[in-house]
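All values derive from a computational prediction rather than experimental measurement. In what follows, every heavy atom counts, from backbone to side chain, and hydrogens, waters and symmetry copies are set aside. First the proteins, then the strands, lettered A, B, ... as listed; each starts at 1.
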There are 2 protein chains.
Amino acid sequence: MPTGVKRSSYHHGSLREALLDGARTLLTERGSQGFSLNELARRVGVSSAAPYRHFVDRDALLAELADQGYLGLRAALEETERPATTPADRIRRMGVAYLRFAADNPAVFGIMFQHRPDHEKARPLAFQPLVDVVGQAQQTGDLPDHVPPGVVARTIWATVHGLATLQLSRGFVGLGLEDSTENLVDQALTLLLRSPRPADRDRPGGPGRPGPAGSR
Amino acid sequence: MPTGVKRSSYHHGSLREALLDGARTLLTERGSQGFSLNELARRVGVSSAAPYRHFVDRDALLAELADQGYLGLRAALEETERPATTPADRIRRMGVAYLRFAADNPAVFGIMFQHRPDHEKARPLAFQPLVDVVGQAQQTGDLPDHVPPGVVARTIWATVHGLATLQLSRGFVGLGLEDSTENLVDQALTLLLRSPRPADRDRPGGPGRPGPAGSR
DNA sequence: GGGTCGATGTTAGAGTCGTCAACATGCCCA
DNA sequence: TGGGCATGTTGACGACTCTAACATCGACCC
C-alpha cells in the first residue's frame, strides 16, 4: 500500500474523479513539467499502476484536464453576457475573463494550448462566444465590418491570448509594462475597437461599405 | 563508451558547442517535453555525465538555448530595417519575422516564453526594436499618439505573439481560420494601425494624420 | 443463496531519465 | 619533466512511465 492516504475498502470508489481533482492541484503546485503521475497516485492513496485503469496514458489524463479547461473557459466567457451591455463592452469583459481564467489556472491553460492534435475539436467551443459577439459589434458599428467577422475575432483572440500568455510568463516585468488585468485588456482593445473613447475621432463612416453611416 | 558517434581522442574538444547544436535539432524532433539529456549525450558521442561539465543542469542548457533564441529573434527583427520603408510597413515586416521565427524554431520559441525568472533580462533586448519603430510610427501618424509608445508596443507585441503561439499550437485549424503568415499579420495589424485601406499598403498616405473620412 | 465474471485494485519489474561521486586522461605550463 | 586542472568515463541511486500477472469484490444469473 502506498504511503499516501489510507482507505478502508480495496476499491477506491471514485478514483477517476479523485485523480482529476488531485491532478489540478498538483499541477498548480508543480507546473506541467514537474507533474508526476506517481506522486498523484501517492497523494490519492492508490498504487502507481492504478491510474492506468482509467487513463491509457499520463498524457490522456492531462488531455482530459485540458478538455475540462475548454468547458470552463467557455463558461467564463459566456458568463459575461449577464450584465448585458453593448457588444463592445462585452468584448472587453470577455478579454478580462480570458486573462483571469489564465491567471487562475495557469498550468491547465498551458496544457490547453500545447501542440496536441486532439484539441482541435474542443477549442472551437470556447472560441464561439467571441465570434458571436464580434458579429454583433460589427452590426452596431463598434467594429469595422469590411472584414469578415472570423478575421476580426481571430485578431481579438490573438491579442487577448498574447496578453494572457505574456502575463503568465512574466513577459512584461523587465520592461516596465506591468499593469492590471483590466488595464492590459482595456488599453489593447481600445486600439482595436473604435469605440466610445473620448478621442473617438474616426468613425469609419462609409468608405466602401455602407453600413452604419446614418444608423447611429 | 556510449553507442553514439565514435571519436578518436579522449576529450571531445568542443563539447559545449556540440551539445548546444545537437540540442537544437533534438529539440525540434522531440519537442521540449520529450527532450532528453541522455539521448543528446548519446548522439554527440559522449557519456551521459559529460554534459554536466558544461551545464549545471538540464535546465541550464535549455536556458542557454533560450538566451541564444532571444539574440536570434532580435536579429530577425532588426533585419527588417534593411529595406527601409515607412514605420507602419516595418511593423508589418517585424510581425511577419516574429511569426517566421516562431515557426522555424518552435521548441526554442516555446522555451523562451516559459516561466523562468532569468528571462526577464534577455527579453527586453528582443523587444526594444519594436518599441523604437512604434515611436517612429506615432510621429508619422501611423499610430495614435495619445497613448504612450510602450503601451502601443505592448499591444502590438501581444497581438503578434498571440498569433505566433496560436499558429504553433494549431489554434486556427478547427475554425476555418488558417491563413498564411503574411495574411495573419497583415489583417491583424490593419485593425491596429490606422493606416489606409487594405489596398494601397505600399504607399501609405504619407505624413500627417490619415484623415479619417476623406483620406480615401 | 452460490457461482462466476468483469471492473478495478495491487505487486513486481523493465527500461529510461537526471544527477552525482569517484576515477581516468591528457593538455598546458612551471 | 612532471604536476595540476579541465574534461572525460564508469557505476550507481532514486524517481519516473508503463506493463504483466495476480487479488478483490460487487453485480448478475441460475
Side-chain angles (χ1 to χ4, degrees), chain A residues 1-23 25-27 29-66 107 111 114 116 118, chain B residues 1-66 107 111 114 116 118:
Chain A
M1 182 185 303
T3 65
V5 180
K6 297 186 185 95
R7 66 182 190 282
S8 49
S9 61
Y10 184 87
H11 289 93
H12 183 285
S14 55
L15 179 54
R16 185 184 170 87
E17 285 70 23
L19 286 172
L20 289 170
D21 287 350
T25 74
L26 182 55
L27 213 45
E29 289 181 24
R30 301 265 190 282
S32 67
Q33 301 274 359
F35 173 83
S36 148
L37 209 49
N38 275 5
E39 184 173 5
L40 174 59
R42 221 175 294 135
R43 287 193 181 193
V44 174
V46 295
S47 77
S48 65
Y52 292 90
R53 296 294 172 193
H54 299 275
F55 303 95
V56 308
D57 238 20
R58 178 196 128 114
D59 277 5
L61 194 156
L62 295 181
E64 172 112 11
L65 241 48
I111 292 172
Q114 226 148 306
R116 283 173 216 263
D118 36 325
Chain B
M1 182 185 307
T3 65
V5 180
K6 298 184 185 97
R7 67 182 190 282
S8 48
S9 61
Y10 184 86
H11 289 91
H12 183 284
S14 56
L15 179 55
R16 185 185 171 87
E17 285 70 22
L19 286 172
L20 289 169
D21 288 349
R24 263 183 289 264
T25 75
L26 181 56
L27 213 45
T28 62
E29 289 179 26
R30 300 264 190 283
S32 67
Q33 301 275 0
F35 173 82
S36 149
L37 208 50
N38 278 1
E39 183 174 3
L40 174 60
R42 224 175 292 135
R43 288 193 180 193
V44 174
V46 100
S47 80
S48 65
Y52 291 90
R53 295 296 173 191
H54 299 275
F55 303 95
V56 309
D57 233 27
R58 176 197 130 112
D59 277 4
L61 194 156
L62 295 180
E64 172 113 11
L65 241 47
I111 292 173
Q114 228 151 305
R116 283 172 215 265
D118 37 326

Exercise for the section: Nearest 0.5 Å please: distance from the CG atom of A/L40 over to the CG atom of A/L61. Expected result: 6.5 Å

Practice task
Verify, without hydrogens or angle tests, whether A/S14 (side chain) and A/E17 (backbone) share a donor-acceptor contact under 3.5 angstrom.
Solution key: no

Problem - Derivation and outcome, side-chain contact (heavy atoms from CB on, under 4.5 Å), residues B/F35 and B/E29 - result: CA-CA 8 Å; B/F35 173 82; B/E29 289 179 26; over 6 Å; no

Problem - Atom pair distance, as rounded to whole Å: NE2 in A/H12 and P in D/dC25 - result: 15 Å

Fill in the blank from the handout: B/L61 CG to C/dC17 C1', in whole Å, measures 15 Å

Problem - Phosphate-side-chain proximity, A/S48 and D/dT17, N/O vs OP1/OP2 below 4.0 Å - result: no

Practice task
Start with the C-alpha gap between B/E64 and B/R16, add the side-chain angles, then the distance that decides, and say whether side-chain contact (heavy atoms from CB on, under 4.5 Å) holds.
Solution key: CA-CA 11 Å; B/E64 172 113 11; B/R16 185 185 171 87; 2.9 Å; yes

Practice task
Identify which nucleotide among D/dT9, C/dC17, C/dT19 has an atom closest to any side-chain atom of B/D57, counting heavy atoms from C-beta outward.
Solution key: C/dT19

Handout entry: OP1 or OP2 of C/dA7 under 4.0 Å from side-chain N/O of A/H54
Key = no

Practice task
Would you mind reading off the distance between A/Q33 atom CD and C/dG18 atom P, rounded to a whole angstrom?
Solution key: 12 Å

Practice task
Any chance you could measure B/L20, atom CG, to B/L62, atom CG, to the nearest 0.5 Å?
Solution key: 10.0 Å

Practice task
Quick one: label B/G34 by what it contacts on the DNA or RNA (base, sugar-phosphate, nothing), any heavy atom closer than 4.0 Å.
Solution key: nothing

Practice task
Would you indicate whether the side-chain heavy atoms of A/R53 and A/L15 approach each other to under 4.5 Å?
Solution key: no

Fill in the blank from the handout: The nucleotide from C/dG18, D/dG8, D/dC16 with an atom nearest the side chain of B/V46 is D/dG8

Tabulate atom names and distances for all N/O pairs under 3.5 angstrom spanning the protein and nucleotides 21-23 of chain C.
from: C/dA22; atom 1: N6; to: B/R53; atom 2: NH2; distance (Å): 3.2

Problem - Gap between atoms CG and C1', on A/L62 and D/dT17 respectively (whole Å) - result: 13 Å

Exercise for the section: Starting at atom CG of A/L40, determine the distance to atom C1' of D/dT17, rounded to an integer number of angstrom. Expected result: 13 Å

Problem - Between P of C/dT19 and CZ of B/R58, the distance in whole Å - result: 8 Å

Problem - Between D/dA15 (C1') and A/R42 (CZ): distance, integer Å - result: 8 Å

Handout entry: Residue-phosphate contact under 4.0 Å: A/R16 side-chain N/O, C/dA7 OP1/OP2
Key = no

Exercise for the section: Look at the side chain of A/R58 and the backbone N and O of A/L37, then say whether any donor-acceptor pair between them is shorter than 3.5 Å. Expected result: no

Exercise for the section: Please state whether the phosphate of D/dC16, meaning OP1 or OP2, lies under 4.0 angstrom from any side-chain nitrogen or oxygen of A/S36. Expected result: yes

Completion exercise
Against the side chain of A/N38, the closest entry in D/dC16, C/dT19, C/dG9 is D/dC16

Practice task
Nearest whole angstrom, please: distance from the P of D/dG11 to the OH of B/Y52.
Solution key: 18 Å

